[in-house]
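Taking it in order: structure first as structure tokens, then the write-up.
Chain naming here is simple, since letters A, B, ... match the order of the sequence lines and numbering starts at 1 in each.
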Amino acid sequence: MKSEISRVLVKVLKEKDLVLSEKEIEDKIEIPPSSELGDYALPCFFLAAKLRENPVKIANDLRNKIEREKGFEKIEVKGAYLNFFIDKRSFIQKTIKEVLDKKEKYGSSDIGKDKKMMVEHTSINPNASPHVGRSRNAFIGDSLVKVLRFLNHNVEVHYLVNDVSKQIAMLVYGKADNLKFEAMLKKYISVAAKVKKSKKSEKEVFGLLYKFEHNDKETIKRFKKITKIAVDGQTKILRNLGIRYDKFDYESDYITESQKVLENLKKTGKIFNDDGCWVLDLKGTKIEGQMKSPVLVLTRSDGTGLYPLRDIAYTLDKISKTKENIVVLGEDQKLYFQQIVEALKLLKSPYPKAVHYSFILLSEKGKSRKMSTRKGDVVLLEDFVGDAIKKAKKEILKRKTKGDAKKIAIAAVKYAVLKISPNKSINFNLGDALSFEGDTGPYLLYSYARACSILRKSKNKTRKFFNIKEISDKEFQLVKNLSEFPEMVLNSYKNLNPSIIANYSYDLAQSFNEFYHSCKVIGDENENFRIFLVESFKIVLKNSLNLLGIETIKKM
RNA sequence: GCCCGGGUAGCUCAGUCGGAUAGAGCAUCAGGUUCCUAACCUGAGGGUCGCAGGUUCAAAUCCUGUCUCGGGCGCCA
């Protein structure tokens, strides 16, 4: 719609001897704060300098010239604003037709066609049951994958298992091999406490890592066993939430390769040995000024490789398979990731794009604190989802309705995390997070179920064309929201930010609920048109929620 | 100390490339169900957009300084 308006404006401005591109005008067009002012507006201040005229006069001039054009209900001038009221009927016809024609493809596009991509996300330390903080990575990653696929990218989803870590070594040291997944957290906490206190235990832990790296069969077996228990347990919880991966990569598979990486880095001359450690000098890069001394430490003084070295090897491998890579990382890895990027640049390799998100903090009595697996100060994802399911069951029982408690609970959990912009930390408190009213996942599902209910009960089967007699504000607002969806998807893609779609879903559902209350559908003289509108809403909300990894339900 | 993010209503958050009267939810108060699902809707109160300067016709939005919270800054991953 904006482009149509700017086309007209370009034409009219030419008459005033001012040549501007459609893009220039389109960028200036905005949506007025209130629909009473119009549907679109052009502030004319920027034209004042170019035309050396009073902006209010310019606005009036333009209006007089444009009024000859078709497609607008009316055009008004308010101050220096040129306000367009679009022809509602044709706009509604056009929007609804597009939604109903494209259905589950509405909002999609081909911009990713033939583009191969790899997204790595979640990659939780395989040491314990994940806490809700970790879920943010999985939810964001999963949603991004869905957005990319919706835009027709060919995406492969990878999960990196960090099986060569001090964390696992500690569990081996604590003889966790025979434990069940559920018992690992407690064990991890106690070993971590012990290792922190005793230098001797810590040395033994590193000794285990040394053996692992130097191919000690028995040690490797023990590491692998614990890793398997942890990864199986963790991915089971995530699978239960509908999150899946195409491929699991193991850090330990990159030990050999990482030695080659070290050799190649040595050839760059940017590496020096400090007390046994191999260190990459990052002077002269962006890192300078961000660290006390701009370096990246690649090995321990006993020669064993550190994670960055294996990560570089892993990343090079990913890039050799798929050129375009995205990796989802916590905010604590911002600097780290930049270091890796600099190392990759040195090796003349392309590098992935990173999506960073802030932490979920536990909020109690107005104070927030970071979760700590090591200290056991966490809300486990599994427990949280369990609480949400219980709550959903209770609500269903209270209302004596039908509904899938698990789907409602998952919607609540995912939406609560995804609606917040990734760069913002989430202050998490159980009460708010388990709320099912207002700006929540269940509200969205409820709106969807309502729409389904109307469609189920309507006997109107004409469904061929619709005639609009009168258009109410609520109806028009809903159509406007529907028409915004494709733009929102693109926005979310460009910014790699699912919260844009989450917030949009809420706006859309809210519009629908307002419409629902002010406009009767079944039995009304406008039933035919309104059924089309409800059907369109149902399609768009479903498409939108799908991108968040939230499944819709027909009844609740 | 340096670097990167936040700071918007009592609380949790939106706010498009700088635009008109800064918006939601929760909480509080007042209403709405013989009618398609009240997990809903309508209304009210509640704001120095952290603070101070600057740029601009116009600043929550851009610039500078400052306070504050989160993250990071050499052998964790």
Side-chain angles (χ1 to χ4, degrees), chain A residues 27-28 30-34 37 41 43 45-46 48-49 55 78-81 83 123 125 162 164-167 206 251 274-279 286-302 304 306-308 310-311 330-336 338 356 358-359 361 363 366 368 370 392 395-396 398-399 401 403 408 416 419-421 423-427 429 431-433 435-440 442-443 445-447 449-458 487 491 499-500 503 506-507 510 513-514 516-524 527 530 534 555-556:
Chain A
D27 286 348
K28 295 283 180 188
E30 57 190 57
I31 293 163
S34 150
L37 290 165
F45 304 101
F46 78 106
K78 203 148 206 171
Y81 288 88
N83 293 334
S123 305
N125 255 322
N162 300 112
V164 194
S165 70
K166 189 180 170 185
Q167 277 90 334
F206 284 132
E251 195 185 324
D274 183 55
D275 204 16
C277 298
W278 284 106
V279 180
K286 276 185 199 162
I287 305 302
E288 200 160 10
Q290 295 194 45
M291 290 175 80
K292 279 173 186 162
S293 57
V295 297
L296 178 62
V297 183
L298 300 168
T299 68
R300 293 192 184 84
S301 45
D302 69 0
T304 54
L306 286 163
Y307 175 67
R310 291 182 295 272
D311 195 14
E331 63 173 335
D332 55 339
Q333 309 221 3
K334 270 190 191 171
L335 174 59
Y336 166 76
Q338 285 186 58
H356 293 284
S358 295
F359 288 129
L361 309 170
S363 170
S368 307
K370 201 184 153 189
E395 296 290 320
I396 291 165
K398 196 166 89 190
R399 294 180 174 77
T401 53
I408 294 169
K419 73 172 173 175
I420 293 172
S421 191
N423 61 349
K424 242 173 187 157
S425 13
I426 296 179
N427 292 303
N429 77 62
D432 286 355
S435 162
F436 285 3
E437 280 163 34
D439 187 6
T440 65
Y443 175 90
L445 294 188
Y446 180 68
S447 313
R450 266 185 156 174
C452 292
S453 179
I454 291 176
L455 297 174
R456 212 168 30 239
K457 288 185 181 169
S458 167
E487 195 186 332
N491 239 326
S499 79
I500 292 167
N503 286 304
Y506 178 67
D507 283 346
Q510 204 174 30
N513 279 314
E514 287 174 24
Y516 180 94
H517 278 275
S518 81
C519 304
K520 177 115 173 87
V521 176
I522 296 170
D524 190 89
E527 175 165 353
R530 286 180 180 165
V534 173
K555 287 183 181 177
M556 76 181 271

Measure distances between side-chain N and O atoms of [X] and base N and O atoms of [N], and say whether any donor-acceptor pair falls under 3.5 Å.
{"X": "S293(A)", "N": "G74(B)", "value": "yes"}
{"X": "D274(A)", "N": "G74(B)", "value": "yes"}
{"X": "D432(A)", "N": "C26(B)", "value": "no"}
{"X": "N513(A)", "N": "A39(B)", "value": "no"}

### Query
Looking at R399(A), does any N or O in its side chain come under 4.0 Å of the phosphate oxygens OP1/OP2 on U33(B)?
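It does not, given that no N or O in the side chain of R399(A) lies less than 4.0 Å from OP1 or OP2 of U33(B).
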Base, sugar-phosphate, or nothing for [X], non-hydrogen atoms under 4.0 angstrom?
{"X": "K520(A)", "value": "base"}
{"X": "V534(A)", "value": "nothing"}
{"X": "K292(A)", "value": "base"}
{"X": "K555(A)", "value": "base"}

### Query
When the ring centroid of F436(A) is compared with that of Y443(A), is the distance short of 6.0 Å?
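Aromatic pair excluded; centres sit 6.0 Å or further apart.
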### Query
Can you find a side-chain donor-acceptor pair between R450(A) and N513(A) that sits under 3.5 Å?
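There is such a pair between these side chains.
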#### Entry: Glycosidic class, syn or anti, of C17(B) using a 90° window around 0
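Base orientation relative to the sugar is syn.
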### Task
Provide the distance between the two P atoms, one in G74(B) and one in U8(B), to the nearest whole Å.
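Between the two P atoms, the distance is 32 Å.
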